[in-house]
2 protein chains.
Amino acid sequence: MADIKSPANPLFLREDELRQGIEMLFFAYRDFTAKADQTLAQFNFGRAHHRVIYFVGRNPGMTVSDLLAILHITKQSLSRVLGQLVRQGFILQKPGSTDRRQRLLSLTDKGADLERKLTEEQRALIARAYRSAGADAVEGFRKVMLGMIEESDRRRFRPGLPR
Amino acid sequence: MADIKSPANPLFLREDELRQGIEMLFFAYRDFTAKADQTLAQFNFGRAHHRVIYFVGRNPGMTVSDLLAILHITKQSLSRVLGQLVRQGFILQKPGSTDRRQRLLSLTDKGADLERKLTEEQRALIARAYRSAGADAVEGFRKVMLGMIEESDRRRFRPGLPR
DNA sequence: ATTTTATGTCAGCCATGTTGACTTATTTTT
DNA sequence: AAAAATAAGTCAACATGGCTGACATAAAAT
């Protein structure tokens, strides 16, 4: 409560601090995606395929609409990669039981294998960063990240709430 | 708040915690880039232009090689967007004084205007997240992010060191 | 019975990444 | 001085993954 603007000027809101935040996000994302991209290339897949495989793996039984709401892309864009994944046997579609218009998505065994392989690399990267930063830092990391995420998606990270 | 963590179990390294880290990175980056992308579209520019404008603004006098080392793209990819920015008067090139093969890059006034406009949006987003998370959280955020960045680029974020 | 919704499809456009081959100017090495 | 290496640029072709717009089908909701 003490800080008025000038002497106790919150250091972490200085221009340079914010710029560093911007850059850290750029560099971290650049390096976070780099390894998986290599693996994906071996399958002739791209980052878009990864995102689909990832989120379907995380939310088996999700609908196409659910996926679109997460990815923030058009259904035409999604359709391209999703179609490939279905045709090549990485993802299964089955009609919804209550609403038969829906196509519920899930990974096949083959899909789950790829998902594991891809995500494992990224999990290792994060685990290393978490471990070297320590539990308190991780708590802070989560708080800041949460603040950057669109309000309606924050629920995904709050404990115990239904999806 | 009263987390009942089993004391020895490093909660923050559990599978789910790591997955949340992955997802936070995805969602934060998605939302972090969304606003600027809209602004860029008004200029018929894309995210690649933003990155060039940003880093040149941040490092006036940098060489093309410097920029390539940051972006991790090929010179042919860079050339396309850089060429547009130069031709349209957002970026200036001048031969290096000691090594005249180099093209030292800097923003024109017009370029600096656009840079400010674009970065301001992102800075505001980060500022909001920082403010609501608090100074300690920001410290933790930085630690974790740093751990995810390729070793050779971490120097950029350490205080007082020469670039 | 009509309208809305969930999903899919075709066609074409744009941005931005890639590889490969080659040029020019300049600096460094031999 | 000649040769090699480096900084930068260029042309061409290709792939990925966004986008818009128009239209189709089946099922659910009104």
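All values below were derived from every heavy atom in this structure, side-chain atoms included, with hydrogens, water molecules and symmetry-related copies excluded.
- In this structure, CG of A:Asn44 is placed 13 Å from C1' of C:dT18, rounded to the nearest angstrom.
- A:Arg154 contributes a side-chain N or O that, together with a main-chain N or O of A:Ile149, makes up a donor-acceptor pair within less than 3.5 Å.
- Atom CD in A:Gln42 sits about 15 Å away from atom P in D:dT16, given to the nearest Å.
- Among the nucleotides C:dT16, D:dA8, C:dT7, the one closest to any side-chain atom of A:Val64 is C:dT7.
- One interatomic measurement links the two molecules: NE2 of B:His50 to P of C:dT16, which rounds to 12 Å at whole-angstrom precision.
- For A:Asp136, the CG atom sits in a loose shell: 12 or fewer heavy atoms of surrounding residues, nucleotides or ligands are nearer than 6.0 Å.
- Straight-line distance from the CG atom of A:Leu40 to the C1' atom of C:dG17: 15 Å, rounded to whole Å.
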Begin with the C-alpha distance, continue with both residues' side-chain angles, and end with the deciding distance and a verdict on ring pair (Phe, Tyr, Trp, His ring centres under 6.0 Å) for B:Phe45 and B:Phe90. CA-CA 12 Å; B:Phe45 287 153; B:Phe90 291 88; 5.3 Å; yes

What is the per-nucleotide protein-contact pattern of nucleotides 19-30 of chain C, from the 5' end, where B denotes a base atom under 4.0 Å from a protein heavy atom, S denotes such proximity for sugar-phosphate atoms only, and - denotes neither? BBB---BBS---

Run A:Arg19 and B:Glu115 through salt bridge (Lys or Arg N to Asp or Glu O under 4.0 Å) and show every step you take. CA-CA 12 Å; A:Arg19 279 202 171 255; B:Glu115 193 281 329; 2.9 Å; yes

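- Protein atom CZ of B:Arg87 is 12 Å distant from nucleotide atom C1' of D:dG9, rounded to whole Å.
- The residue among B:Arg51 and A:Gln93 whose nearest nucleotide of DNA chain C lies closer to the 5′ end is A:Gln93.
- The closest side-chain heavy-atom distance from B:Ile22 to B:Leu25 is not below 4.5 Å.
- In this entry the distance linking CZ of B:Arg47 with C1' of C:dC14 reads 15 Å, nearest Å.
- Between B:Gln38 atom CD and C:dA15 atom C1' there is a gap of 17 Å when expressed in whole angstrom units.
- A sub-4.0 Å separation between OP1 or OP2 of C:dT16 and a side-chain N or O of B:His49 is present.
- Rounded to whole angstrom, the span from the CD atom of A:Gln102 across to the P atom of C:dG8 amounts to 11 Å.
- For B:Arg80 against C:dG17, a side-chain N or O and a base N or O form a donor-acceptor pair under 3.5 Å.
- A:Ile53 is not connected to A:Leu92 by any chain of hydrophobic side-chain contacts under 4.5 Å among Ile, Leu, Val, Met, Phe, Trp and Tyr, and they are in different clusters.
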Check the pair B:Phe55 / A:Phe26 against ring pair (Phe, Tyr, Trp, His ring centres under 6.0 Å), numbers first and verdict last. CA-CA 11 Å; B:Phe55 283 109; A:Phe26 166 75; 5.2 Å; yes

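- Of the residues near DNA chain D, A:Ile73 and B:Leu82, the one whose nearest nucleotide (by heavy atom distance) lies more toward the 5' end is B:Leu82.
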